[in-house]
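See below for the structure under consideration.
For ligands, and for the atoms within them, numbers begin at 1 and follow the listed sequence.
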Amino acid sequence: MDLAARLAALALTLCLAAPAALAQQKANVLFGRIDAPSRERAEAIGSYAKGCAAGLVQLPETGPTWQAMRLSRNRNWGHPEAIAFIVDLSEFATRVGWKGLYVGDISQPRGGPMTSGHQSHQIGLDIDIWMKPATRLDLSRAQRESLSSISVRSVDQRAVNGNWTRAHHEILKRAAQDSRVDRVFVTPPVKIEMCKTARRSDRDWMQKIRPIYGHHYHFHVRLKCPGGNRACETQRPTVSELSKGGDGCDDTLMWWVTDYLNPPKVQKPAEPAPKRRSARDYTLADLPRQCQQVLAAR
Ligand SMILES: [Zn+2]
């Protein structure tokens, strides 16, 4: 074979091998280097912590009632329903005295696992919102990189601190009451405080407020799968959540204050926890097949 023929043969081999080789590459690297969404119908594909998204739209960097923070990360992309939700909640924030909302990460332009940070936020339906009330909406790009949020948790982690206000309560309640929202993750002291101060007669929404580690500088809103997104996997409630059907207030106190902050003195030696695979380990082949199409789409 002459050189040209050999090169042609090599190119053919590479072409045939490419899809399989691509599928074995790290999904977070592949999705992390794409800076624009796919021009497809908007669709969340897979689950919050293992998936991707087609046709995402960008939350405008600044709007009448919000600013997107940390623009250098390019994670202000969401399903149109997530963007609409942010606009609505930020409008509501102005009714309780804030200028609006400072919005943290949503998703990358095509969703997918990330090279840093979150395990979830992969399908355009998870939204981080800062606990720091927006006081002005003319922050420069540089200021939005350097400004920090505020924590609403006390140093001993038992309660909220002086940064927590009634406005926070109203905004979180509003988010939980929204029919598009599946759950809202907050630091346990926030849930404990909201349980104390919410009216007895008006707390159907309380079970959507979910206590979790961290989440004292921001709260995290997770939307349900939008209608018609058939490849989107909505998180199923756990059996205990279904059987209790309550507001989760007693459980939160028990878990956080009794079990976590004051564990019993005599403990059985802990079993080594099974090592969970991190989203950062996923290859493209681990994600739903449709994600290969999303990655390749224009
Ligand atoms: Zn989050």
Does a side-chain N-to-carboxylate-O contact under 4.0 Å join Asp182 and Arg222? no
Taking the six-membered ring of Tyr282 (Phe, Tyr or Trp), confirm whether the NZ or CZ of Lys26 is under 6.0 Å from its centre and within 45° of its axis. no
Angle at the Zn ion (ligand 1) (to 10°), with one arm to ND1 of His220 and the other to OD1 of Asp128: 110°
Ion pair Arg166/Glu170, N-O distance below 4.0 Å: yes
Using modelled atom types only, decide if a donor and an acceptor are shared between the side chain of Tyr102 and the backbone of Arg144 within a distance under 3.5 Å. no
N/O/S from His121 sitting under 2.8 Å away from the Zn ion (ligand 1): yes
I'd like to know if the Zn ion (ligand 1) has an N/O/S atom from His118 within less than 2.8 Å of it, counting both backbone and side-chain atoms. no
Taking N, O or S atoms only and a limit of 2.8 Å, check whether Asp105 reaches the Zn ion (ligand 1). no
